[in-house]
Amino acid sequence: MKKEPVRHHYIPQFILRNFCFDDRGDLFYFDKKVSDISIKKTKDVFMVRNLYRDEINNPGEPTKIEKDMARFEGEIAQIITGKFLNGDEISITLEEDERLKLFFAIMPFRSSITSKKFGIEASEENKAFYSMYQEDGNLSDFWKRNLGNLVNCRSLREVWEHKEIDHPIKVFFHRDIFGYSGLYFVVVERRGPIDFIISDVYPTLVNGVTDWGMEMNMYAIFPISPDRTILLAANGVCGAPKHVAVFSKEVLRKPKLNPNRKSITIRTRKIYEDEVRYVNSMLMAEADEGVVFRNKGRVELPKEPDVE
């Protein structure tokens, strides 16, 4: 009998493998709390045992969420591995664009941090807010029930039309897929001696305050390899000054719809040492437990443990 999956990764292994330094699945792990570097395998990082196990909604198949997630990951792996890791021009269909945005929107919702917010760290405020959707107060069940339905959707429309996804979750996903005025992908490729790292907070969100005092959600950071990172940028970020947005307008330029009106072409933008350092500093600052990377000689890490 095939064993049930026990190690439930909240960041897919197909992404983590891009940060390995050998064919055995080894990578460097930096424990942020103690400033310690160790070698680990992808199977052992950014995962929680039985994180998605659900015996309430799926008593006959309690690992259904994990299996459905793996199927969705396989579809997204074909897009990211097949198109985003190489090439100066990346062409994706509008369907792929929508599917990828939904997948990335699911990433923070499926995380270990979110599971705690709906579980052992659930606040009384959250319990009161979600009480009309979960009468027994079991917010962990609320989280798993909605997550199990989300991973079987492939577009924002499917999320809105799904009768078993609760309304607040639909609203949150509309925000994370569409933003306030639209979102688009930017692919940045590093130049220089510094590699990208990847943290356990995926994505890392970056806000900025404009010269006229308005705070705006600028972009979310999704590292996919030591060489490349995907940004999900908000419409209007190009209007922010460079000292706010950090990246130039050319880097943040929105891709255009192709003449066939069925696909878009994303041109890879080169960024250099200071900008790569900035990305990594944001990832490190927001990391909950740690980060992983491929080459110790190509990253810069804090030398002292965080003090709270």
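Counting from 1, the numbers follow the sequence of the chain as shown.
Put simply, the side chain of Thr42 reaches to within 4.5 Å of the side chain of Cys20, judged on heavy atoms. Side-chain contact between Leu102 and Val159 is present, with at least one heavy-atom pair separated by less than 4.5 Å. No side-chain heavy atom of Ile177 sits under 4.5 Å from any side-chain heavy atom of Phe104. Between Pro168 and Tyr133, some side-chain heavy-atom pair lies under the 4.5 Å cut-off. When side chains are defined from C-beta on, Thr229 does not count as touching Ile198, because their heavy atoms never get closer than 4.5 Å. Proximity of Phe118 to Ser140: side-chain heavy atoms (C-beta onward) are nowhere separated by under 4.5 Å. Arg298 has its side chain out of reach of Ile194: every pair of non-hydrogen atoms, C-beta onward, lies at least 4.5 Å apart. No side-chain heavy atom of Leu27 sits under 4.5 Å from any side-chain heavy atom of Ile39.
Not less than 6.0 angstrom separates the ring centroid of Tyr10 from the ring centroid of Tyr52.
Ion pairing between Lys127 and Glu135 fails under the 4.0 Å rule for side-chain N and carboxylate O. One finds a salt bridge joining Arg190 and Asp227 here, because a Lys/Arg side-chain nitrogen approaches an Asp/Glu carboxylate oxygen to under 4.0 Å. Here Asp68 pairs with Lys64 in a salt bridge; the nearest charged N to carboxylate O distance falls below 4.0 Å. In summary, Arg228 and Asp195 do not engage in a salt bridge, as defined by a charged side-chain N under 4.0 Å from a carboxylate O. Between Arg269 and Glu189, no side-chain nitrogen of the basic residue sits less than 4.0 Å from a carboxylate oxygen of the acidic one, so the salt-bridge criterion is not met.
The two residues Trp143 and Ser111 make their nearest non-hydrogen contact at CZ2-O, 4.1 Å. The minimum heavy-atom distance linking Phe247 with Val251 is given by the pair CB-CG1, 3.9 Å. Considering every non-hydrogen atom in both Glu66 and Arg7, the closest pair reads OE2-O, 3.9 Å. Heavy atoms only, all atoms of each residue included: Ile197 and Phe19 are closest at C-CE2, 4.0 Å. Minimum heavy-atom separation, Pro223 to Tyr202: O-OH, 2.7 Å. In plain terms, the two heavy atoms of Phe30 and Met284 that are nearest each other are CD2-CE, 3.8 Å.
When each of Glu75, Glu161, Glu96 is checked for a salt bridge (charged side-chain N to carboxylate O under 4.0 Å, His left out) with Arg154, only Glu75 meets the rule.
Both Leu16 and Ile79 sit in one connected hydrophobic cluster of ILVMFWY residues. Membership requires side-chain heavy atoms under 4.5 Å apart, directly or through other members. Clustering ILVMFWY residues whenever any of their side-chain heavy atoms sit less than 4.5 angstrom apart, transitively, puts Leu257 in the very cluster that holds Leu183. Criterion: ILVMFWY side-chain heavy atoms under 4.5 Å apart, direct or through other members. Under it, Ile90 and Leu231 are not part of a common hydrophobic cluster.
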Under the salt bridge (charged side-chain N to carboxylate O under 4.0 Å, His left out) rule, what do Glu164 and Arg145 come out as? Steps first, then yes or no, please. CA-CA 8 Å; Glu164 302 301 320; Arg145 186 179 72 250; 5.9 Å; no

Check the pair Lys41 / Asp26 against salt bridge (charged side-chain N to carboxylate O under 4.0 Å, His left out), numbers first and verdict last. CA-CA 5 Å; Lys41 294 191 179 295; Asp26 295 324; 2.8 Å; yes

Test side chain to side chain contact (heavy atoms under 4.5 Å, CB included) on Phe84 and Ile266; report intermediate values, then the result. CA-CA 9 Å; Phe84 280 80; Ile266 304 167; 4.2 Å; yes

Going through the checks in order, is the side chain to side chain contact (heavy atoms under 4.5 Å, CB included) test met by Leu205 and Met218? CA-CA 8 Å; Leu205 303 176; Met218 297 192 297; over 6 Å; no

Step-by-step side chain to side chain donor-acceptor pair (under 3.5 Å) determination, Glu124 to Asn126: CA-CA 5 Å; Glu124 293 302 319; Asn126 272 355; over 6 Å; no

For a salt bridge (charged side-chain N to carboxylate O under 4.0 Å, His left out) check, start with the C-alpha distance between Asp176 and Lys101, then their side-chain angles and the critical distance, and finish with the verdict. CA-CA 8 Å; Asp176 292 344; Lys101 285 175 181 173; over 6 Å; no

Criterion salt bridge (charged side-chain N to carboxylate O under 4.0 Å, His left out) on Glu125 and Lys117, from CA distance to verdict: CA-CA 11 Å; Glu125 182 180 6; Lys117 289 181 178 179; over 6 Å; no

Verdict with reasoning, Asp54 to Asn57, per side chain to side chain donor-acceptor pair (under 3.5 Å): CA-CA 6 Å; Asp54 182 8; Asn57 301 289; 2.9 Å; yes

Pair Phe109, Phe173 - check ring pair (Phe, Tyr, Trp, His ring centres under 6.0 Å), show working. CA-CA 9 Å; Phe109 191 70; Phe173 271 74; 5.8 Å; yes

Show your reasoning for whether ring pair (Phe, Tyr, Trp, His ring centres under 6.0 Å) applies to Phe72 and Phe103. CA-CA 8 Å; Phe72 197 2; Phe103 182 79; 5.2 Å; yes

Audit row: Thr268, Asp88, side chain to side chain donor-acceptor pair (under 3.5 Å) steps and yes/no: CA-CA 5 Å; Thr268 304; Asp88 292 332; 5.1 Å; no

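Summarising the local packing, OH of Tyr180 is surrounded by 12 or fewer heavy atoms from other residues, nucleotides or ligands at distances under 6.0 Å. Residue Lys67 places its NZ atom among more than 12 non-hydrogen atoms of other residues, nucleotides or ligands, all under 6.0 Å distant. Applying the 6.0 Å contact sphere to NZ of Lys242 captures more than 12 heavy atoms from other residues, nucleotides or ligands. A 6.0 Å sphere centred on CG of Asp23 holds no more than 12 heavy atoms belonging to other residues, nucleotides or ligands.
Judged by distance alone, the side chains of Ser181 and Asn235 never bring a donor and an acceptor atom under 3.5 Å apart.
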